[in-house]
Amino acid sequence: MLASCGYDGRVIIWKEGSKPEEWSQAYVFTEHKSSVNSIAWAPHELGLCLACGSSDGNITVNVTARSDGGWDTTKIDQAHPVGVTSVSWAPSMAPGALVGSGQLDPVQKLVSSGCDNTVKVWKLYNGGWRMDCFPALQMHSDWVREVAWAPNLGLPKSIIASASQDGTVVIWTIAKEGDQWEGKVLHDFKTPVWSVSWSLTGNILAVADGNNNVTLWKEAVDGEWQQVTTVEP
């Protein structure tokens, strides 16, 4: 299955047919009244679940849970009132869960960014989404273009990267549930930063900036982030 979104406010779920080149529309979401800027599939442990962020300020989470193949939708109203730019899911397993003695219930959290210069973390409580960071995470002075929650394979903490029009990338970390998120500027690129993406193990971050550069960054032993290389076009 494949999901796409667009300026027309629609999100389309596409399903592959019997032949690789045959794709058909399996479902169309029309909940949003403005451009849908970002979509993200949840970790597979959470089932078929898609989060969508829109310029109308809302986030919808669409889950296929019905026996008729239909989708149920929950909404985060006015998550970022002036527009949502990006959504990203938390890993399904909390940091340290593998070595802990508690239940291994999957984590249902996501992070969003917006035109209000903020980053917000959301958690599913009793079927409804609530903000899980107070106050909103704010170290940027312009639109936050993209957020990316790092995979936590072996990592002792949760990590989120945010990229902004103000030229900076901020690394947000939290050690355990209930703690406060702490932000640290990875680098000031002196040009808008468009995109951030983590490696599968969550230890290397790729950054795409307005100077047409893609750089790779890694956290050193002392906690400082260092550029490892530049990706040549």
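It should be emphasised that the depicted structure is a prediction, and the values quoted were computed from it without experimental measurement. Computed from heavy atoms alone, side chains included, the values below leave out hydrogens, waters and symmetry copies.
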Are [X] and [Y] joined in one hydrophobic group, where the rule is that I, L, V, M, F, W and Y side chains link up if heavy atoms are under 4.5 Å apart?
X	Y	answer
Ile39	Phe29	yes
Val84	Val121	no
Val36	Ile59	no
Ile76	Val63	yes
Trp149	Leu137	yes

Nearest 0.5 Å please: distance from the [atom1] atom of [X] over to the [atom2] atom of [Y].
X	Y	atom1	atom2	answer
Ser141	Gln165	OG	CD	10.0 Å
Lys157	Asn152	NZ	CG	12.5 Å
Leu186	Gln226	CG	CD	10.5 Å
Lys120	Phe134	NZ	CZ	10.0 Å
Ser199	Leu216	OG	CG	9.0 Å
Thr60	Trp71	OG1	CH2	11.0 Å

Side-chain heavy atoms of [X] within contact of [Y], under 4.5 Å:
X	Y	result
Leu205	Ser197	no
Trp194	Asp209	no
Trp129	Val61	yes
Val11	Leu50	yes
Met139	Trp172	yes
Asp56	Gln78	no
Lys109	Glu177	yes
Val193	Val207	yes

Examine the side chains of [X] and [Y] and answer whether a donor and an acceptor come within less than 3.5 Å of each other.
X	Y	answer
Tyr27	Asn62	no
Asn203	Glu219	no
Thr118	Gln138	no
Trp217	Thr215	yes
Asn213	Thr230	no
Thr85	Trp143	no
Ser24	Trp14	no

Nearest non-hydrogen partners of [X] and [Y], listed with the distance:
X	Y	result
Ser164	Asp142	OG-O, 3.3 Å
Ser54	Ser34	OG-O, 3.4 Å
Asn211	Phe189	ND2-O, 4.3 Å
Ala3	Ile13	CB-CD1, 4.0 Å
Ala150	Pro91	O-CG, 3.3 Å
Trp198	Ile160	CZ2-C, 4.5 Å

Query raised in the report: Between Asp188 and Lys190, is there a side-chain N and carboxylate O pair less than 4.0 Å apart?
Result: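 A salt bridge links Asp188 with Lys190.
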Report task. For Ser55 and Asn37, run side chain to side chain donor-acceptor pair (under 3.5 Å): C-alpha distance rounded to whole Å, both residues' side-chain angles, the deciding distance at 0.1 Å, then the answer. Result -> CA-CA 7 Å; Ser55 290; Asn37 304 315; 2.9 Å; yes
Give a yes or no on whether [X] atom [atom1] has more than 12 heavy-atom contacts from other residues, nucleotides or ligands under 6.0 Å away.
X	atom1	answer
Asn126	CG	no
Lys184	NZ	yes
Tyr7	OH	no
Glu45	CD	yes

Query raised in the report: Are Ser112 and His80 close enough, and set up right, to give a side chain to side chain donor-acceptor pair (under 3.5 Å), and what steps lead you there?
Result: CA-CA 8 Å; Ser112 63; His80 299 267; 2.7 Å; yes
Expected output: side-chain [X] to main-chain [Y] donor-acceptor under 3.5 Å:
X	Y	value
Trp89	Ala40	yes
Lys15	Gln25	no
Ser86	Ser113	no
Asp132	Lys123	no
Asp116	Gly83	no
Ser38	Val87	yes

Query raised in the report: Quick one: ring-ring contact (aromatic ring centres under 6.0 Å, His included) pairs with a partner in residues 32-67, sequence neighbours left out?
Result: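 The answer is none; no pair qualifies.
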Query - Intermediate values then yes/no, side-chain contact (heavy atoms from CB on, under 4.5 Å), Leu48 and Met1 - result: CA-CA 10 Å; Leu48 210 53; Met1 297 187 92; 3.5 Å; yes
Query raised in the report: With sequence neighbours left out, what residues match Thr173 under side-chain hydrogen bond (donor to acceptor under 3.5 Å, both in side chains)?
Result: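 By the side-chain hydrogen bond (donor to acceptor under 3.5 Å, both in side chains) rule, Thr173 matches no residue at all.
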Query raised in the report: Which residue pairs pass the salt bridge (Lys or Arg N to Asp or Glu O under 4.0 Å) test with at least one member in residues 19-41, sequence neighbours excluded?
Result: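 Output for this query is empty, none listed.
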